[in-house]
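Reading through the structure tokens given below for one structure.
Heavy atoms only: backbone and side chains are in, while hydrogens, waters and symmetry mates are out. We count ligands from 1, going down the list as the structure has it; atoms in each ligand are counted the same way.
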Amino acid sequence: MDYQLLASLLFPEVTETPEDMEKRFPPRNVKEGAIISRMAPSPTGFVHLGNLVQGLTSERLCHQSGGVLFLRVEDTDKKREVPGAVEVLIETLKHYGIHFDEGATVDSDSGDYGPYRQSRRAAIYHVYAKQLVLQGQAYPCFCTEEELQEIHAEQEKENANFGYFGKWAKWRDRPIEDIKEMLDKGMPWVLRFRSTGNIENKIKFTDLIKGEIEVTENDIDHVLLKSDGIPTYHFAHAVDDHLMRTTHVVRGDEWLSTLPFHLQLFRALGFKPPKYCHIGPLMKMDGSSKRKLSKRKDPELALTYYKAEGFPVEAVYEYILTVLNSNFEDWRRANPDASTDDFKFSYKKMNPAGSLFDAAKLKDVSKNVISKMSAEKVCELATEWANEFDKPFGEKLSEDKEKAVAIFSIGRGGKKPRKDYAVWSELKDYMGFFYDEFFEFKDALAENFDKNVVKNILSEYDYNEEADQTEWFENIKALGEKHNFASDMKAYKAQPENYAGSVADVSGFIRLAVTGKNVSPDMYLVMKILGKEKVNERINKFVASL
Ligand code: GLU
């Protein structure tokens with residue numbers, strides 16, 4: 001076969017060579033050991049936890065090593081593309097703290113290794129497509145859709161493996177005359193890879209997360225360029241990762257099955273393959289067994305879910321670190337106030353089999369993260385959330401910021417800050433009673449108390465705004481004593497039958513009247529924030545309702 005002739009027939013417009021590309025995209029000037037990696041998503045509009053896991057892993061590896069993280073948009077499949085998806089992707093990742101040093105931007109590019117949208121790199125891919133043809137490693141295939149379907153049907157009948165290979169690869173060894181004839185007729189063609197692999201062979205390969213694994217060689221003559229000249233992801237990514245000088249590819253392990261083909265491509269193109277980190281899937285418990293998180297069944301796979309629920313970004317970020325690096329939790333315990341950037345993230349600590357997503361654990365992490373925030377920060381984030389997802393609540397928080405900050409200050413600071421809420425969407429239930437608009441009796445008075453006694457106690461209660469916490473409590477105790485509610489808890493516990501109840505019950509009556517609930521933040525502070533007038537108004541209302 002005259003490959004020179006074939007190459008000039010297929011790519012008459014290509015004048016540049018791989019050497020030209022090497023000059024245009026020279027090796028990066030980075031220090032030894034710096035990791036260059038990328039996120040290479042397809043713009044489908046759905047940004048999920050897997051993207052964040054991958055993004056965070058690459059981001060940590062790059063930035064911890066003094067390397068570069070870039071964003072490449074893999075938009076070669078126009079059918080799957082959703083308008084605006086790139087913007088959503090960039091904004092979402094930024095929201096979660098994943099910043100790119102270079103790559104695709106919302107409407108353009110930034111960096112020296114672009115363009116960073118594959119759809120704008122056709123001319124580059126054609127240089128390498130031509131080279132493969134010149135080397136006899138790629139050939140045009142004129143099979144129509146119908147012919148491919150026939151091949152598939154035949155394979156089914158023969159119980160053979162599916163795909164374009166061996167005797168089914170009709171155009172693999174066709175003489176140049178046949179090809180020329182088809183080209184002269186203007187028939188559409190795709191460019192296929194001439195695989196020399198054999199599925200009887202296994203290749204050993206070391207993945208940085210999975211360790212040494214064995215994969216089966218690829219024997220399929222996969223498509224490199226589609227009939228419109230646009231490359232497939234496989235071909236495009238090999239060219240791009242080489243020219244963009246990627247040292248590490250971090251991606252989901254669903255790509256392991258095509259890895260043999262990718263390695264073949266790197267070899268055929270004369271490129272040094274990058275190092276690979278294939279991340280195991282995100283799983284969850286379903287009954288007593290584990291299964292992969294699914295887009296269809298699990299709303300928590302979408303990143304929009306966390307925003308709508310009101311998880312602070314830091315909490316999601318920190319939770320993912322917990323899930324990805326087995327030593328993160330110990331580190332966090334030893335360094336409760338350190339920035340997550342100080343944690344030494346390592347692919348060696350990643351579970352090769354994947355990570356178990358645990359909603360309860362995420363909430364714990366979130367409670368912890370929120371408990372360490374300042375009241376001002378909680379107020380800012382909660383208001384931001386409410387303005388988007390619960391407007392009336394947002395309005396109340398913004399209306400009197402000082403009051404909101406005072407509420408958020410309850411239980412904050414000190415050695416053991418309270419951990420009352422994990423997400424902003426729980427706040428209204430926790431503190432809505434501070435605002436008349438959201439105040440309601442969520443709980444009822446326990447059946448065992450005589451309503452008249454409660455009425456009397458509450459009617460007699462005289463809230464002294466000026467009292468300090470001790471005095472305030474003494475007043476409640478004294479009021480209780482008067483009605484035979486023990487103020488000495490020890491004595492009460494020893495002989496409860498001697499009393500109508502205890503001071504805890506008296507506090508409970510006040511709590512219920514003022515907050516509408518049996519559980520609330522510290523009542524001393526609650527009442528201080530509400531003020532005497534509001535406290536009395538609520539108590540009177542409650543008394544009237546009994
Ligand atoms: N475009 C591929 C995806 O959407 C990227 C795979 C890779 O990172 O190599 O997941």
List the closest protein heavy-atom neighbour of [atom]: residue, atom name, distance to the nearest 0.1 Å.
atom                   : value
atom 1 (N) of ligand 1 : Glu74 OE1, 2.6 Å
atom 8 (O) of ligand 1 : Arg38 NH1, 2.7 Å
atom 4 (O) of ligand 1 : Ser42 OG, 3.1 Å
atom 5 (C) of ligand 1 : Ala40 O, 3.1 Å

- Task: Given side chain to side chain donor-acceptor pair (under 3.5 Å), test Thr57 with Gln54 step by step and report yes or no.
- Result: CA-CA 5 Å; Thr57 306; Gln54 190 241 314; over 6 Å; no
- Counting only heavy atoms not in Lys78, do more than 12 fall under 6.0 Å of its NZ?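 Count over threshold, so yes.
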- Report yes if some N/O of Tyr233 lies less than 3.5 Å from some N/O of ligand 1; otherwise report no. yes
- Backbone or side-chain N or O of Val249 under 3.5 Å from ligand 1 N or O: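 Val249 vs ligand 1: no N/O contact under 3.5 Å.
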- Note on the structure: The single option from Phe193, Phe271, Tyr233, Phe235 that satisfies ring-ring contact (aromatic ring centres under 6.0 Å, His included) with His262 is Tyr233
- Task: Using a strict cut-off of less than 4.0 Å between a Lys/Arg side-chain nitrogen and an Asp/Glu carboxylate oxygen, indicate whether Arg245 and Glu22 qualify as a salt bridge.
- Result: yes
- Looking at ligand 1, does Met39 have a heavy atom less than 4.0 Å from it?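 Met39: no contact with ligand 1 (<4.0 Å).
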- Query: Does the cation-pi check pass for Arg192 over Tyr164, that is, NZ or CZ under 6.0 Å from the six-membered ring centre and within 45° of its axis?
  - Reply: yes
- Query: Side chains of His63 and Asp341: donor-acceptor distance under 3.5 Å anywhere?
  - Reply: no
- Query: At a 4.0 Å threshold, what atoms of ligand 1 neighbour a non-hydrogen atom of Trp255?
  - Reply: 2 (C), 3 (C), 6 (C), 10 (O)
